[in-house]
Each structure stands twice: as structure tokens, then as C-alpha cells.
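Residue indices begin at 1 and follow the sequence shown.
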Amino acid sequence: MILIYPPVAKPSEPPAGVAKLFGALKRHGIPCRLLDANIEGILSLLNQPIQSSDTWTSRAVRHRAAHLKELRDPRGYKSPDRYRRAVLDLNRILVKSTCDMGVRASLVNYVDQELSPLRSRDLLRAAEYPERNPFSGYFMKRLDQIVTEGEHRTIGFSLNYLSQALCTFAMAGFIKREYPSLKVILGGGLVTSWMNRPGWKNPFTGLIDAMAAGPGEQWLISYLGHVYKPGEDAPDFESLPENRYFAPGFILPFSTSSGCYWHKCCFCPETAEGNAYKPIRSSRALEQAEELAEKTGASLVHFVDNALSPAFLQEIARRGFSRPWYGFVRGNSLLADPDFAHALKRSGCIMLKLGVESGSQKVLDKLRKGIVLETLVHILKAMKSAGIGTYVYLLFGTPPEDLERARRTMIFTAQYARYIDFLNVAIFNMPVCSKEAEAYGTSPFYEGDLSLYTDFAHPLGWERSLVRSFLDKEFNRDPAISSILRREPVLFTSNHAPFFLIHGQ
Ligand code: SF4
């Protein structure tokens, strides 16, 4: 079997999902090959000759090797300006090398002028004409090579982001055309969300032989005709080639759970899709992370859980950890304790991503976030005093918010700006399968049978255009807030933020 991680996703770290599946297959003695077509595809496009007709592209091409070297060197994160130039120059090369094909591929996204990843018929068209895809020069050769190297019967794609969908289908179409006897199967986060849509029916029959929702280890092993033996499926990164990611050292992505232990926030797809929470016992999760960090020589561990559980945080704070690490947390009271924050720091915690969402307690309560603003303030202060960076996530335009409550968020953010290192500002989308969509939903948000969001009539009239205008004209212009926004690592955002905290000073 071959497991493929398709382009385009941020090329800063290896894919966690396929490494987990690979580990499970290995434990069951099932031969498998792992292909990170994302990093390989991006590097292949970056290295191909390009006709540059403008000064920016010529400069970018001239410096591409140096820029790549910089992003893989801790010193590349000392100067935000040089870092920005390196990222934007490399991105420019990708954009320029794909635009003639009617596509805008970047380091973090993939947009086709004609085809939408939200429409099944467009995905099928991508499969019908794989040559249209700017990565085809790379993947046709690579797939030919890898398929003929071994005796493979099944090819699985890990499809997690919309930016991967059109490339996944182009690759699947190529495989079905050239190797019709091979089975093509799909799994991953995006596929899970599709399959959790109300009234889901597979529109890809004939091209895709099977699709799996949720953690796929057990499903995959049964699909391949084996009996799943309950046991520990640790990720295995060994079969990936040497570290070629855009980062100074190997970043180990590791998940201590799937789903979310809180599972109550009413706007969140985790709640809307009813995904089950499955944690690894905290002590074992920590041991596994240590073992993998040692094996891979990781210089940073990225805990990719939706939210690290209090039990795991207590475990890592108590036992310590051998590598710098970061991850997403909920604002629970444990984190407000300065002693606990210092213990986390001693365990190697570099940065916590914190879902604050709103500076209005009423909004937080209505969203069932289960957090208290006062506690959040204590958390921000405790983290600052311990020397742990914070990446604060805000969400505007939710159903209980109006202009006055959005302004409260602005005041809150500005007031505590000195305790916030980075900000992520998003506008609310209504998940199509949420309970709230039944109350407020109107028509599909985007035109497409695969859209995960629905348009909705805001109960307080706080429509997206008004939210956007508030963000542009008020929020982003606040001097304290804009100075935080300026620190955001361009394109790579939170994936590169820890390096600025580690190497930036
Ligand atoms: S804590 Fe995060 S992942 Fe969990 S339900 Fe709330 S928003 Fe979703």
C-alpha cells in the first residue's frame, strides 16, 4: 500500500496522520510506503526553471537557494524583515510558476480559477485532466516510479485541507487512468467533515473505491483484509526522506488525542460533527512523544490536539519533557496559576495557542466556551511571567455578537496587549451541520455540494460585511493591536511563531 500526503499544505513539518497510519500498518506487518507529495511537489516547483518577466520574480529566483537555507537555519528567524522577504520570495516563485496554468499555488494554498474544491463535479474534472494540475510534472513521474517499485494494490490519500482537494483528485485520476487495477481510497480531516454532512452520499464512485471518516487505523487494516489487533499505534516517520521541511530542525507533530475533551463550543465543527474524544493515557502519551522525539531528533514538538487536556498538561508539567514544545489549550483555571505556568516553562513549553474568541463574557457564555474573562487575564499574565509566548485566537461575527460586544473584544485585546505575542483574527463561518444552522442558516455559503458552511441571517444584524469593515477600520488600526498583528509570521503564522520566540531575541 502507498500512503500519500498531497499538496498543498504548509511545508513546515511532516504529516502526522499518514505517519500514524504507517505505524499501525507496520505493527500489523502490512507493507507500506509513505509519500509526502506536498513537500516534494513544492520543492519540485520551486526548483524548476522559470521565465521571469519582472524584477521581483528575478530577484526571488536568484535568491531561492539562499532563502531556503535561511528558513532552515535558526539565524533566519532573528530578523523578521529578512524572514518575510525569504517567505514572500519563495511564494512568488510558486505563484509565478503556476499562474500560466490558471492556478494560484502558494506555499499555503491552492486556488484554481475554474475549479472549486467545494464542488464534486469540479473535483471529478480535476481527476479527468490531471495534466491541468501544475504539480503533474512532478507527480506523474513520481507515482510511476513508486507504483512500479513494489507490489502495491491500494493507494490512500490523506486529505485534510481544502487546499489539498484538487491536487488529490488530479493524482487519483492519474492513478486510475494509468493503473486501473489499483484501489484508491481517501481519509483525513476534510473527508471526515464531508462524510459528517447531513445526507452525505459519495459522489466519487468509479474513481474513489472507499472513504473513511475519523481516525483511520482500524478501518484501513480491515479494508486491507486483515484483523485489527488492539494495541498501541505510534506514528512512524522513518520512511520519510531526510528532513526537507521549511523549518530550522525537525518538527515532530504529535497528537495525544483525537476529538476534543471539552466538545461543547457551539460554533465548533468538533461539536457540530459529533466527533468522539479519544485520548491516549497522559503518561503513555508523554512517553510516546519522548520516544519519537528521540528517534527523529526533533528540535521542536508540535502537539496537534484540538486542545491539550488538563491531565496531559499536569503530566508534562510534573515530569518535564526533553524538547521545546507548543500546542493548543483551552483557557482553564489550571493555567492561571503562576507556579503551574513556570512548571510548564521548565518542561520546555515555548508557546500556547489560546482560543479566547471574544472579550465579551456574554458572548463566551452563549458560545458555551466555558471560560471566564478574568481567568483568561490571569492566564495571559501567568504565561508572560513564566516566559511562555501566547498566540491568541479571536473570532468575530458569531451569532451572539454585535458591534458593542465586538468593541469589548477590541478593548480587552488592547488592554492586555503586552501579554499577547501573536494574534489570529477570524470571521465566523456557520458549520452546515451545527444546531445553530437549523435556527439561522439560509443558503449554502459557497456554491458547492461539498461546502462545510452555510450562509446565515445574523440574529442581531451583525453581518459579515459589517464585521469586515469594523476589523479594517477600527480593530486593526488600534495601535496596541496593530503592533501585535505586525509580529505575525507571514503565511506560516503559528507554525513558525515558536522559532521567533526561541531564536528571535
Ligand atoms: S475547545 Fe476548541 S476544539 Fe474544543 S469544542 Fe471548543 S472550539 Fe472546539
* Would you call Pro400 and Leu367 a side-chain contact if the rule is heavy atoms closer than 4.5 Å? -> yes
* Centres of the Tyr83 and His496 rings: under 6.0 Å? -> yes
* To do: Sequence neighbours left out, what passes ring pair (Phe, Tyr, Trp, His ring centres under 6.0 Å) with Phe340? Give chain and number order.
  => none
* **Single hit among Ser283, Pro279, Ser282, Ser257 for side chain to side chain contact (heavy atoms under 4.5 Å, CB included) with Phe312** => Ser282
* Please work out which of the three classes, parallel, tilted or perpendicular, describes the rings of Trp325 and Phe303, given edges at 30° and 60°. => perpendicular
* Specify whether Tyr77 and Phe499 have parallel, tilted or perpendicular ring planes, treating 30° as the upper limit for parallel and 60° as the lower limit for perpendicular. => tilted
* **Aromatic ring proximity Tyr393/Phe328, centre distance under 6.0 Å** => yes
* SB check Lys384 Asp421 (cutoff 4.0 Å) -> yes
* Does any non-hydrogen side-chain atom of Leu252 lie less than 4.5 Å from one of Leu300? -> no
* **From Arg27, Lys20, Lys26, Arg284, residue fulfilling salt bridge (charged side-chain N to carboxylate O under 4.0 Å, His left out) relative to Glu232** => Arg284
* **Note, Tyr277 side chain near Ser309 side chain (heavy atom, < 4.5 Å)** => yes
* Determine, for Arg75 against Glu70, whether the closest basic-nitrogen to carboxylate-oxygen distance falls under 4.0 angstrom. => no
* **Ring center gap for His302 and Phe254 short of 6.0 angstrom** => no
* To do: May I ask you to decide whether Glu290 forms a salt bridge with Arg319, counting only side-chain N to carboxylate O separations under 4.0 Å?
  => no
* How are the rings of Phe396 and Phe475 set to each other: parallel, tilted or perpendicular (split at 30° and 60°)? -> perpendicular
* Are Phe321 and Arg323 side-chain neighbours, meaning at least one heavy-atom pair lies under 4.5 Å? -> yes
* Would you name the heavy atoms of Asp236 and Leu34 that are closest together and state the gap between them? => O-CD2, 4.0 Å
* Asked: Does the side chain of Arg72 reach to within under 4.5 Å of the side chain of Tyr245, using non-hydrogen atoms?
  -> no
* Between Met383 and Leu335, what is the shortest heavy-atom contact and its length? -> CE-O, 3.5 Å
